[in-house]
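Okay, so here's the structure we're looking at.
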Amino acid sequence: MAAVALAAVAWRVREPLPLLAVAWVVLLGVVLAHVDGVVHRLPDRLTFSAAGGALVLFGLSSVVDGGWHRLVSAVACALGVAAFYLVLVLISPNGMGLGDAKAALSVGLVTGWFGWGVTVAAAVAGFLLAGLYATGLLLLRRVGRKDHLAHGPFLLLGALIAIAGLA
């Protein structure tokens with residue numbers, strides 16, 4: 001999974017430091033998706049490490065290339081997506097977990113580096129994928145309406161799809 005995800009972003013991201021930032025989030029994202037799928041948790045150590053590492057690498061890229069506007073956009077997207085998820089958590093704590101809001105920081109950061117449109121595409125793709133998966137499980141009677149499904153893997157997959165330019 002990690003190799004396929006890294007190949008997908010390497011196809012899209014050509015600059016070395018941004019590629020390292022995205023690859024960092026991809027690698028931690030693979031672990032996060034697995035953990036969330038198995039135990040329905042997105043550990044702070046991983047979510048904050050993903051966002052922090054990407055922020056440092058994007059910051060270095062901005063220093064080297066002078067592209068501060070991209071860093072500002074990425075941080076704004078990170079805060080915007082995380083705030084959106086936080087609102088969802090506050091509205092329905094049983095429907096969305098705080099770990100999803102924390103993971104949204106890194107998703108918003110890496111997608112925001114490429115612009116608001118990529119961030120919006122990532123968020124929409126994540127919700128669409130989660131909805132399709134849930135619908136399939138409901139139709140197959142594998143889950144009921146009140147069962148909990150991990151959202152983190154879909155949030156991260158939506159970001160990967162948007163970054164790879166498939167969305």
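Judged as a side-chain hydrogen bond (donor to acceptor under 3.5 Å, both in side chains), the pairs with a partner in residues 82-110 (not counting sequence neighbours) are, in order, Asp44-Lys102, Tyr85-His151. Within the structure, ring-ring contact (aromatic ring centres under 6.0 Å, His included) pairs that include any residue of residues 29-72 comprise Phe58-Trp113 (at least two apart or interchain).
When the side chains of ILVMFWY residues are joined at heavy-atom separations under 4.5 Å, either directly or via intervening members, Val87 and Val107 end up in two distinct hydrophobic clusters.
By the 4.5 Å heavy-atom criterion applied to side chains, Leu42 and Leu46 are not counted as neighbours. Residues Asp65 and Ser61 are in side-chain contact: their nearest non-hydrogen atoms beyond the backbone lie under 4.5 Å apart.
Atom CZ of Arg14 is surrounded by more than 12 heavy atoms from other residues, nucleotides or ligands within 6.0 Å.
Atoms CG and OG1, from Leu140 and Thr135 in turn, are 10.5 Å apart once rounded to the nearest 0.5 Å. To the nearest 0.5 angstrom, Leu155 atom CG is 11.5 Å from Leu160 atom CG.
Residues Val13 and Ile163 approach most closely at CG2-CG2, 4.3 Å, considering heavy atoms. The two residues Val25 and Ala50 have their closest heavy-atom pair at CG2-O, 3.6 Å. Across every non-hydrogen atom of Val89 and Gly97, the tightest pair is CG2-O, 3.3 Å.
When each of Val22, Leu20, Leu28 is checked for a side chain to side chain contact (heavy atoms under 4.5 Å, CB included) with Trp24, only Leu28 meets the rule.
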